[in-house]
Amino acid sequence: MSDSHFKGLNTRLLHETVERTSYGETSEAIFLTSGFVYDSAEQAAATFTGDVTHYQYTRFGNPTTDALQRRLAMLEGAEACIVTATGMGAVSSAILSHVKTGDRVVASRALFGSCYWIVANLLPRYGVEAIFVDGDDFEAWAEALSKPTAAVLLESPSNPMLDVLDIARIADLAHSAGALLMVDNVFASPVGQKPLELGADVILYSCTKHIDGQGRVLGGAVLGPKQWIEETLQPYTRNTGNALSPFNAWVLLKGLETLPLRVDAMARNAAAVADFLADAPGIVQLRYPGRADHPQAELARRQMTNGGSMVAFEVAGGQEGAFRFLNALKLVAISNNLGDSRSLATHPATTTHMRVGAEERTRLGITDGAIRLSVGLEDAVDLIADLQRGLDALKA
Ligand SMILES: *Cc1c(COP(=O)(O)O)cnc(C)c1O
C-alpha cells in the first residue's frame with residue numbers, strides 16, 4: 001500500500017510504502033538472500049540489459065533494503081535514498097563518489113571523528129583540497145566558499161559540544177559556490193530536523209543511532225536528489241560493495257516504526273536532565289540546544305523541532321572530576337555510542353576526541369571536564385537520581 005493521505009508521522013511510518021507479500025504478514029517480510037533466480041536464460045539476459053526489472057544480487061538491490069530506502073525517503077521527503085553498511089559508509093560514499101582530483105571540499109570543524117579524518121586525511125591523499133571552517137564564523141564560510149567548491153559537509157548539532165549551525169545560510173553560500181551541501185543529521189535525528197527544507201541537498205545518517213536506537217545493528221543512509229543518487233552515488237556503492245545487510249535493514253525498519261515516539265520521549269528526558277544539571281553545583285557549563293542559554297538558542301528553535309537527546313556539560317575538576325562523575329553513575333552506562341534507548345555517557349577528551357589532539361580540542365571547546373550524555377528512555381526521575389550520584393562524587 002502506498003497511500004500518502006495520512007497526516008501523522010507515526011501513521012505514515014507504520015503504513016506508507018509498506019508492501020505485503022501474498023502471505024499477508026503483519027510485520028514486514030525479510031528477504032535474507034544474497035542472490036535471486038531467473039525463470040529462463042532469456043530473463044537473466046534481459047535483466048542485465050535493463051529490459052526487465054528483476055532483482056539480481058543483494059549488493060545491487062534487495063527487497064528489504066529497498067523497503068528501508070523507500071521508508072527513509074518518505075520520512076525525509078527526499079527523492080531518493082541509498083542505505084549503506086554503516087554511517088561512515090554513507091559519509092565516505094557520498095563524498096568520494098562526488099569528488100575528483102583537483103576539487104575542493106569545505107567542512108565545518110566540529111565533525112564526528114571519522115568524518116573529520118576523511119576530510120582532513122583521506123581527501124588530500126587523492127588531490128582534493130580540504131578546508132575547515134568554524135561553524136559560527138560566517139566570514140570564514142563566505143571566504144571559503146568564494147571559490148568553486150564540489151561539496152560542503154557540516155554537522156548540526158555538532159559532536160560533542162552541540163554547536164548549532166545555520167543550515168539555510170550555509171546552503172546559500174554553498175550553492176553560490178556550485179557545491180552540494182551534505183548535512184550529517186545524526187545528532188538531531190530525522191524527527192528533530194529537516195535539512196532538505198533548510199536548503200541542504202544531501203542528508204547523511206548513521207542509522208546505528210536513533211533509527212535503530214536499541215543498540216543492535218550498524219547502518220547508514222544517504223538521501224538526496226534522484227539524479228545524483230542514481231548517476232553518482234549508486235554506481236559507487238554498488239561497485240565498491242558498501243551494501244547494508246537485509247537483516248540489518250529489517251531491524252532498522254522495525255526501529256522506524258517507533259522512531260518519533262522514542263525521539264520525542266528522549267528529548268523530553270534530555271530537557272529535564274539539562275534543566276536539573278544546569279543549576280547544579282559542580283557543573284561549570286552546560287549545553288543543550290533546547291535551553292534558552294544555548295549560544296545559538298534562537299537558531300536552534302527555528303531549525304529544530306525539539307532540543308534533541310544529547311546534553312553536553314563540563315564538571316568541575318577537569319579530567320579527574322569527569323572520571324569521578326562517570327564512575328559514580330549506576331544507571332547511565334559509560335559508552336561512546338549515542339541515540340540508544342539506554343542512557344550513555346562518555347568523556348570525549350579521552351575517547352571519541354582523543355586522537356584530534358589537545359590544541360584542536362581546545363578549538364572545539366572540548367575541555368578535560370567535558371562529558372557528553374546521550375539521554376535514553378529511562379524515567380527522568382531515575383536519570384536525575386543517578387546524575388545526582390555523579391554530582392555527589394564531585395564533592396567527595
Ligand atoms: C556515529 C556517527 C557517524 C558514523 O556512523 P557509524 O554507523 O558508526 O559508522 C557519523 N556521524 C555522526 C554524527 C555519528 O554520530
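One-based numbering, in listed order, for ligands and for the atoms of each.
Considering only non-hydrogen protein atoms, atom 6 (P) of ligand 1 sits nearest to G87 N, 3.4 Å. The protein atom (non-hydrogen) at minimum distance from atom 9 (O) of ligand 1 is M88 N, 2.8 Å.
Using a 4.0 Å cut-off to heavy atoms of F187, the atoms of ligand 1 that qualify are 13 (C), 15 (O). Applying the 4.0 Å criterion to heavy atoms of E155 picks out, from ligand 1, the atoms 13 (C). Near T86, meaning under 4.0 Å from any of its heavy atoms, are these atoms of ligand 1: 7 (O), 9 (O).
Residue-level proximity to ligand 1 for L338 is carried by the side chain, the only part with a heavy atom below 4.0 angstrom. Of all the heavy atoms of D184, the ones lying under 4.0 Å from any atom of ligand 1 belong exclusively to the side chain.
In terms of polar-atom proximity, K209 is counted as a contact of ligand 1, with an N or O under 3.5 Å from an N or O of the ligand.
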Practice item. Start with the C-alpha distance between K254 and E257, add both sets of side-chain angles, then the distance that settles salt bridge (charged side-chain N to carboxylate O under 4.0 Å, His left out), and finish with yes or no. Key: CA-CA 5 Å; K254 300 308 287 180; E257 294 181 1; 3.3 Å; yes

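Among I371, V311, D279, the single residue meeting the side-chain contact (heavy atoms from CB on, under 4.5 Å) criterion with L286 is V311.
For the 3.5 Å distance criterion, the side chains of E378 and S343 qualify, holding a donor opposite an acceptor. For the residue pair T351 / T346, a side-chain donor-acceptor distance below 3.5 Å is found, with atom types taken as modelled. No hydrogens or angles considered: a donor-acceptor pair under 3.5 Å links the side chains of H175 and D201.
Residues F36 and H54 place their aromatic rings such that the two centres sit no closer than 6.0 Å.
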